[in-house]
Amino acid sequence: MSRELVVYNSLTRQKEVFSPLQDGYVGMYVCGPTVYSDVHLGNCRTFMSFDMIYRYLMHLGYKVRYVRNITDVGHILDDGEDRMSKGARLDNLEPMEVAQKYTLGFHDMMRIFNTLSPSIEPRATGHILEQIEMVQDIIDHGYGYMKNGSVYFDTIKFAEKTGEYGKLSGRIIEELISESRDNLKNQDEKNHPSDFAIWMKASDEHIMKWNSPWSIGFPGWHLECSAMSTKYLGKQFDIHGGGNDLKFPHHENEIAQNVGACGCQPAKYWLHTNMLLMNGKKMSKSDGNTISPVELFTGDSIHVTKGYSPMVVKFFMLQSHYRSPNDLTDEALQAAEKGFKRLMDGNKTLSNLSSTVATDGPMDAKINAIMTSAYADMDDDFNTPRALAKVFELVPIINSLKEGQIALSEVSNQALDELKSFFQTIIFDIFGLMDETESNAGPLDGLMNLIIDLRQQARVNKDWPTSDKIRDSLNAINIQINDGKEGSSWGFK
RNA sequence: GGUCGGGUGGCCGAGCGGUUAGGCAGAGGUCUGCAAAACCUUGUACAGCGGUUCAAAUCCGCUUCCGACCUCCA
């Protein structure tokens, strides 16, 4: 923790020096998925961003408790039906069966993208009691009111008394208040349009419901995060994260609930990731502008000319900043694929390099400077695209060292070792990338060596038809023969 | 309509007052039996118009285009 980390705080709309509430420890809460359908690619970007942030905080030496919830109840549809039970009705399954299915699918996808598991992954349905207690706290503090068994949060009263409402999302309280005169009539039970349910009375046919002091019902859809973050991280913690589109109303209401129940701001730093776009537009199922992770991997989609591996997709996302929109296009993915391969090849080349001098190579300082600046980029609000650019500045140096444009005596073994561990740390430990081309061990490798051997004999005999036939036939099945100075090697295209 | 955030080279994408961003594509070269691959080198940009400044892609104003949120959304 010798370096200074700066993060952009959505709450204050500026970059701030990161300083945790408790020295050496970080509590981070990230809004997780609602498990009523397959994970959306956009979700994946958010979770990969926070995975990188989690990894980087740990790299800095913090002990991090990372809490990411699973929402398996609480989201209310326009027609008042709980989202989970709607999914259940469509699939003709038990609600928890639906939740289980998509939770497992979500976990699989997170594993495929090589993200670390959170420290705690609480479920909303496992915390009904905590949510009920919080509703009671809110009522006790005068910010909740009951209507026919449901409990609503009084945003106007809260705004007037605390001045806290609308801070995060930039809503204007006066506007909310003036709205009340015009819109009062068409409100069902709410006193004001901006009020929101913290406990909903369930209709008879509603499947997911629990007993409470107010009615048999279910918790409001912002409540779980307030209750669970408080339970596992305390009334106040360091980082609260989520997608940009959750700022309002979800996060705004979450703050209202926490302040309303505990009297204090829950999180010190609010971090929001920006949206993943496709072909310049937000991904949306309704207008067909969407692609699932699996379709992206297999290439089974009109939006893509071929499949891209999970690590290529991840690399692609790391090339843009988490707070910027990221535009997914086939062309950009192709570029990422090649760039990623170049990076992996560079790393492999590096691992085989060794110098002729132990210390004080003439180029050591230059290499060290680049490595240092890459970390400085990470310290500046987790700027992965810039840090990645720095890594790419090192690649030509590595290649030149191998190819001889730069003499091996230029860089000392000491610097080389540092460089090797730098690559390991930043690419794999922090970015969370993996080399997918590794380990061709087993019979395939032996087979390929035999074939390369046979071809080499043909080449020695200047039997070009044979050697070209071997090369072209392999090429047709996506195996690339690379003829180099020191013999041939092979790899998948 | 309201509130934010943007428009950077052929594409993606950093930078946000003076430095080469970086990746891909393009061009030139090295290697090679030929090729592919790989590697090295490299050109091209800051939506428009004003203004501030010694200096602006970077600050201010206007114009124009785009996106997000305002309803479930990562």
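Lettering follows sequence order; numbering is per chain, from 1.
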When the [atom1] atoms of [N] and [M] are considered, how many whole Å apart are they?
N	M	atom1	result
B/C46	B/A36	P	35 Å
B/G43	B/C49	P	26 Å
B/C24	B/U44	C1'	15 Å
B/C11	B/A45	P	13 Å
B/C59	B/A74	C1'	34 Å
B/C31	B/C40	C1'	11 Å
B/G61	B/U71	P	29 Å
B/A14	B/U8	P	11 Å

With [X], which residues qualify under salt bridge (charged side-chain N to carboxylate O under 4.0 Å, His left out), at least two apart?
X	answer
A/Lys341	A/Asp345
A/Lys201	none
A/Asp468	A/Arg471
A/Glu337	A/Lys306

Next on the checklist: Angle between ring planes, A/Phe153 versus A/Phe158, binned at 30° and 60°: parallel, tilted or perpendicular?
Outcome noted: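 Ring orientation, 0 to 90° scale: perpendicular.
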With under 30° as parallel and over 60° as perpendicular, where do the rings of A/His240 and A/Phe237 fit, or are they tilted in between?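 Because their plane-to-plane angle lies in the 30° to 60° range, the rings of A/His240 and A/Phe237 count as tilted.
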message: Once ring pair (Phe, Tyr, Trp, His ring centres under 6.0 Å) is applied, do any residues pair with A/Phe423, and if so which ones, sequence neighbours excluded?
response: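 Ring pair (Phe, Tyr, Trp, His ring centres under 6.0 Å) check on A/Phe423 returns nothing, list empty.
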Review point. With A/Tyr66, which of A/Tyr54, A/Tyr29, A/Phe50 fulfils ring-ring contact (aromatic ring centres under 6.0 Å, His included)?
Key: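 The single option meeting the ring-ring contact (aromatic ring centres under 6.0 Å, His included) with A/Tyr66 is A/Tyr54.
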Using a heavy-atom cut-off of 4.0 Å across all strands, would you classify [X] as base, sugar-phosphate, or nothing?
X	result
A/Glu393	sugar-phosphate
A/Asn326	sugar-phosphate
A/Gly42	base
A/Ala332	sugar-phosphate
A/His321	sugar-phosphate
A/Leu276	base

Salt bridge (Lys or Arg N to Asp or Glu O under 4.0 Å): pairs with one or both residues in residues 371-384 of chain A, sequence neighbours excluded
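Passing the test, one end in residues 371-384 of chain A: A/Arg3-A/Asp379, A/Lys15-A/Asp380, A/Arg323-A/Asp381, A/Asp377-A/Arg386, A/Asp377-A/Lys390.
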Discussion item. If stacking means aromatic ring centre less than 5.5 angstrom from the base's six-membered ring centre, planes under 30°, is A/Trp464 stacked on B/G33?
Written reply: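 Yes, aromatic ring over the base.
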**Asked** Got a sec, which pairs hit ring-ring contact (aromatic ring centres under 6.0 Å, His included) with one end in residues 302-325 of chain A, sequence neighbours left out?
**Response**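 ring-ring contact (aromatic ring centres under 6.0 Å, His included) check on residues 302-325 of chain A returns A/Phe315-A/Phe340.
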Find which nucleotide of RNA chain B each of A/Tyr322 and A/Phe47 is nearest to by heavy atoms, and output the residue with the more 5' nucleotide.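 Final value for this comparison: A/Tyr322.
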| request: By nearest nucleotide on RNA chain B, pick out whichever of A/Phe392 and A/Arg459 is the more 5' one. | output: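 Residue closer to the 5' terminus by nearest nucleotide: A/Phe392.
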Its contact letters, B for base, S for sugar-phosphate only and - for none at protein heavy atoms under 4.0 Å, make nucleotides 36-41 of chain B read BS-SS-
Just the table, please: protein N/O against nucleotides 42-44 of chain B N/O, every pair under 3.5 Å.
none

Here RNA chain B, pairs taken as Watson-Crick or G-U under 3.5 Å and shown with ( ), [ ] when crossing and | when to another strand, reads ((((((((.[[[..)..(...]]].(((((.......)))))....[[[[[..)....]]]]])))))))....
Any donor-acceptor N/O pair under 3.5 Å between B/G5 base and A/Ser324 side chain:
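No, the side chain and the base share no sub-3.5 Å donor-acceptor pair.
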Review point. Ignoring hydrogens and angles, are the base of B/G33 and the side chain of A/Asp468 linked by a donor-acceptor pair under 3.5 Å?
Key: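 Side chain to base: pair found, below 3.5 Å.
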Just by distance, no angles: are the side chains of A/Glu254 and A/Asn258 close enough, under 3.5 Å, to form a donor-acceptor pair?
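No, no side-chain donor-acceptor contact under 3.5 Å.
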Just checking, is any N or O donor in the side chain of A/Asn274 or A/Ser324 under 3.5 Å from an acceptor N or O on the other one?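 Short answer, no.
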- prompt: More than 12 heavy atoms of other residues, nucleotides or ligands under 6.0 Å from NZ of A/Lys420: is that the case?
  reply: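 Enclosed.
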Does A/Thr466 have any side-chain hydrogen bond (donor to acceptor under 3.5 Å, both in side chains) partners at least two apart in sequence or in another chain, and if so, which?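 A/Thr466: side-chain hydrogen bond (donor to acceptor under 3.5 Å, both in side chains) contacts with A/Asp463.
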Is it the case that A/Arg68 places NZ or CZ above or below the six-membered ring of A/Phe47, under 6.0 angstrom from the centre and within 45 degrees of the axis?
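Verdict for A/Phe47: a cation-pi partner in A/Arg68.
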| To the side chain of A/Gln319, which of B/A74, B/G22, B/A21 is closest? |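 Between B/A74, B/G22, B/A21, the one nearest the side chain of A/Gln319 would be B/G22.
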Output a table of nitrogen or oxygen pairs between the protein and nucleotides 64-67 of chain B separated by less than 3.5 Å.
none

